[in-house]
Amino acid sequence: MQGQQQQAYDRGITIFSPDGRLYQVEYAREAVKRGTPSVGVRTEEGVVLAVDKRSRSELMEPDSIEKLHKVADHVGIASAGHVADARRLIDFARRRAQVEELRYEEPVGVEVLTKAVTDNIQQYTQMGGVRPFGAALLIGGVSDGEPHLFETDPSGTPNEWKAVAIGADRSDIQDYLEEHWTAELTLDEGIELALGALSHIRDEPLSAGELALAAIETETEAYRRLAEAEIADHLEAVAEEE
């Protein structure tokens with residue numbers, strides 16, 4: 001009988017278990033943990049987003065793995081978990097950013113955009129016939145000269161961070177970030193902290209082709225994707241420090 005009750009709570013997204021849990025949301029969080037990691041770092045000079053985009057096969061084109069996206073001129077998103085679910089959320093974020101800019105004739109605030117995305121995610125935790133999004137996002141950008149870094153999860157909860165990781169090995173990466181992050185970091189040091197955190201969990205050295213990295217600078221408020229050669233230079237700096 002107890003097993004049958006457990007199965008009922010398991011299947012019903014709109015049904016709380018007796019101890020107040022939504023199992024489908026928890027399973028969606030487990031899906032995020034199965035994805036390759038993404039890291040965000042906030043500094044006074046801007047926000048860094050770095051993603052591990054390792055492929056399952058040497059025959060797969062690395063550029064076809066999309067985990068890092070430009071949403072607006074001043075906002076970028078990195079994802080972990082189900083890529084298709086993340087793509088739907090990123091499309092929503094892009095449309096919302098465009099609508100807000102057309103309506104108010106100014107770029108959407110990073111916090112405003114994040115809460116719009118998480119409101120959309122939360123709707124999928126309380127409607128029958130749907131399932132939660134099996135993806136987490138890092139939303140980084142600059143609003144009114146202030147850098148911001150937010151994390152979203154499948155429950156629809158937004159949290160602002162100074163440095164954060166999502167995806168596989170989150171705990172180990174987060175420990176590394178907590179040990180090495182300081183308020184005095186420059187943007188280049190933030191980039192190298194993100195790369196160091198990703199390399200910390202790998203047995204073999206990272207290569208630039210396995211990574212994607214973007215920065216939104218506080219001064220320009222512009223999203224910029226780093227070229228593979230730039231990432232390689234930063235990886236060399238990280239290796240020298242180690």
Side-chain angles (χ1 to χ4, degrees), residues 1-42 49-52 54 56 67 69 71 77-93 96 109-140 148-181 194 197-198 200-201:
M1 184 66 178
Q2 185 175 359
Q4 292 177 348
Q5 288 179 340
Q6 172 76 31
Q7 191 176 44
Y9 300 129
D10 214 41
R11 293 178 177 175
I13 184 60
T14 60
I15 303 173
F16 284 97
S17 71
D19 57 350
R21 298 163 65 184
L22 289 173
Y23 286 105
Q24 290 294 322
V25 173
E26 294 185 17
Y27 296 157
R29 290 194 179 112
E30 292 299 318
V32 172
K33 293 178 183 178
R34 292 176 177 272
T36 53
S38 297
V39 174
V41 176
R42 191 186 77 193
L49 298 173
V51 303
D52 184 338
R54 281 172 291 173
R56 299 187 302 272
K67 292 189 58 185
H69 306 262
V71 173
I77 291 180
S79 67
H82 284 292
V83 175
D85 285 12
R87 190 172 63 243
R88 288 293 302 273
L89 293 173
I90 289 158
D91 286 345
F92 173 89
R96 188 58 177 257
V110 181
E111 183 174 3
V112 171
L113 181 61
T114 299
K115 289 185 176 178
V117 172
T118 53
D119 285 348
N120 181 52
I121 294 171
Q122 192 275 336
Q123 290 181 28
Y124 284 77
T125 70
Q126 63 178 41
M127 295 190 301
V130 300
R131 64 164 175 79
F133 289 96
L137 306 177
L138 297 180
I139 303 177
H148 297 279
L149 174 64
F150 289 91
E151 174 206 11
T152 78
D153 86 332
S155 71
T157 303
N159 291 299
E160 187 167 11
W161 292 81
K162 298 171 183 174
V164 65
I166 54 175
D169 300 305
R170 170 179 174 144
S171 295
D172 291 339
I173 297 174
Q174 200 66 35
D175 288 344
Y176 182 93
L177 293 172
E178 289 175 0
E179 182 179 349
H180 292 88
W181 186 92
L198 289 174
H200 174 68
I201 59 166

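To the nearest 0.5 Å, the span separating OG on Ser79 from CG on Leu89 amounts to 9.5 Å. With rounding to the nearest 0.5 Å, the separation of CD in Gln24 from CZ in Arg29 is 12.5 Å. Rounding to the nearest 0.5 Å gives a distance of 8.0 Å between OG of Ser38 and CG of Leu198. In this structure, Asp172 CG and Ile201 CD1 are separated by 7.5 Å, a value rounded to the nearest 0.5 Å. We find the NE2-CD1 distance between His69 and Ile139 to be 12.0 Å, quoted to the nearest 0.5 Å.
Put simply, the side chain of Val51 does not reach to within 4.5 Å of the side chain of Thr36, judged on heavy atoms. Side-chain contact between Thr114 and Thr152 is present, with heavy atoms from C-beta onward closer than 4.5 Å. At least one side-chain heavy atom of Glu178 sits under 4.5 Å from a side-chain heavy atom of Asp175.
Under the ring-ring contact (aromatic ring centres under 6.0 Å, His included) rule, Phe133 has a single partner from Tyr124, Tyr27, Phe92, which is Tyr124.
Of all heavy-atom pairs spanning Thr118 and Thr157, the tightest one is CG2-C, 4.2 Å. Nearest approach of Gly156 to Pro158, heavy atoms of both residues: O-CD, 3.5 Å. Of all heavy-atom pairs between Leu49 and Ile77, the closest is CD1-N, 3.8 Å. In terms of heavy-atom proximity, Ile173 sits nearest to Pro37 at CD1-CB, 3.6 Å. Ala28 and Pro132 make their closest contact through CB-CB, 4.0 Å (heavy atoms, listed as atom of the first residue, atom of the second, distance). A pairwise comparison of heavy atoms in Ser155 and Thr125 identifies O-CG2, 4.1 Å as the closest pair.
A salt bridge links Lys33 with Glu30: the distance from a Lys NZ or Arg NE/NH1/NH2 to an Asp or Glu carboxylate oxygen falls below 4.0 Å. The pair Arg96-Asp91 fails the salt-bridge criterion, with no side-chain N (NZ, NE, NH1 or NH2) lying under 4.0 Å from an Asp/Glu carboxylate O. One finds a salt bridge joining Lys115 and Glu111 here, because a Lys/Arg side-chain nitrogen approaches an Asp/Glu carboxylate oxygen to under 4.0 Å.
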- Query: Yes or no on side-chain contact (heavy atoms from CB on, under 4.5 Å) for Phe150 and Val110, after CA distance, side-chain angles and deciding distance?
  - Reply: CA-CA 8 Å; Phe150 289 91; Val110 181; 3.9 Å; yes
- Query: Should Val117 and Leu137 be marked as a side-chain contact (heavy atoms from CB on, under 4.5 Å) after you check the CA-CA gap, both sets of side-chain angles, and the distance that decides it?
  - Reply: CA-CA 10 Å; Val117 172; Leu137 306 177; 4.1 Å; yes
- Item | Steps toward salt bridge (charged side-chain N to carboxylate O under 4.0 Å, His left out) verdict (Asp85, Arg131) | CA-CA 11 Å; Asp85 285 12; Arg131 64 164 175 79; 2.8 Å; yes
With a 3.5 Å cut-off and sequence neighbours excluded, list the donor-acceptor pairs that the side chains of residues 159-167 form with protein atoms.
| unit_1 | atom_1 | unit_2 | atom_2 | d |
| --- | --- | --- | --- | --- |
| Glu160 | OE2 | His148 | ND1 | 2.8 |
| Trp161 | NE1 | Glu151 | OE1 | 3.0 |

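Partners of Arg54 under the salt bridge (Lys or Arg N to Asp or Glu O under 4.0 Å) rule, at least two apart in sequence or in another chain, are Asp52.
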